[in-house]
Amino acid sequence: MELADRAVGFLLTSFSLSIFTYYTFWVIILPFVDSDHFIHKYFLPQEYAILIPVFAGVVLLCFLSIFIGYVMLKSKKKKA
């Protein structure tokens, strides 16, 4: 089981590092590259660099609020 946990941890770390590298290159380095360079075809337009994290944050907050509300309602029913 420990080997499986390490494998999952390694995969999650690799996935997170690759997303971080992609996003960092997209937001910090790509604006300084000429717009006709071939590398631009591998990235979305710059507007999405803000919209995607904002949307992900709103979805995360919604799910977190729903979960907290569900737990509060469940604990209230348990006491009664």
Side-chain angles (χ1 to χ4, degrees):
M1 190 67 174
E2 184 178 320
L3 185 60
D5 291 342
R6 281 183 172 221
V8 170
F10 178 75
L11 288 174
L12 287 173
T13 302
S14 300
F15 182 69
S16 299
L17 187 60
S18 64
I19 288 177
F20 176 76
T21 304
Y22 178 86
Y23 186 78
T24 302
F25 188 81
W26 180 27
V27 171
I28 296 176
I29 297 172
L30 202 62
F32 299 107
V33 178
D34 291 334
S35 60
D36 59 344
H37 198 272
F38 75 93
I39 197 74
H40 279 276
K41 69 179 181 179
Y42 297 111
F43 295 92
L44 292 171
Q46 288 290 324
E47 296 83 31
Y48 292 108
I50 300 298
L51 292 177
I52 291 173
V54 167
F55 179 73
V58 168
V59 169
L60 180 68
L61 285 175
C62 287
F63 281 126
L64 187 62
S65 299
I66 290 170
F67 175 74
I68 290 173
Y70 175 75
V71 169
M72 288 173 62
L73 287 174
K74 194 172 181 179
S75 67
K76 186 180 274 190
K77 286 181 183 178
K78 195 174 191 181
K79 288 181 180 179

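In what follows, every heavy atom counts, from backbone to side chain, and hydrogens, waters and symmetry copies are set aside.
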Heavy-atom check, side chain of Phe25 versus side chain of Ile39, under 4.5 Å: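 Phe25 reaches Ile39 side chain to side chain.
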Within the 6.0 Å centroid threshold, strictly below: Tyr42 and Tyr22: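 Centroid distance Tyr42-Tyr22: not below 6.0 Å, so no.
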Determine whether [X] and [Y] fall in the same hydrophobic cluster, where Ile, Leu, Val, Met, Phe, Trp and Tyr are linked whenever their side-chain heavy atoms lie under 4.5 Å apart.
X	Y	result
Phe20	Ile29	no
Ile68	Leu61	no
Phe63	Val58	no
Ile19	Val27	no

Which ILVMFWY residues are connected to [X], directly or by a chain of links, through side-chain heavy atoms under 4.5 Å apart?
X	value
Leu12	Val8
Leu60	none
Leu3	none

Is a side-chain N or O of [X] found less than 3.5 angstrom from the main chain of [Y], in a donor-acceptor match?
X	Y	answer
Trp26	Leu44	yes
His37	Leu30	no
Ser18	Phe15	yes

Reported CG-to-CD distance for the pair Leu51 and Gln46, which is rounded to 0.5 angstrom: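 It is 11.5 Å, given to the nearest 0.5 Å.
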Ile66: side chain to side chain contact (heavy atoms under 4.5 Å, CB included) partners, not counting sequence neighbours: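 For Ile66 there are no side chain to side chain contact (heavy atoms under 4.5 Å, CB included) partners, ignoring immediate neighbours.
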For Phe55, all residues meeting ring pair (Phe, Tyr, Trp, His ring centres under 6.0 Å), sequence neighbours excluded: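 Phe55 satisfies ring pair (Phe, Tyr, Trp, His ring centres under 6.0 Å) with no other residue.
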Which residues share a ring pair (Phe, Tyr, Trp, His ring centres under 6.0 Å) with Tyr48, sequence neighbours left out: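 Tyr48: no ring pair (Phe, Tyr, Trp, His ring centres under 6.0 Å) contacts found.
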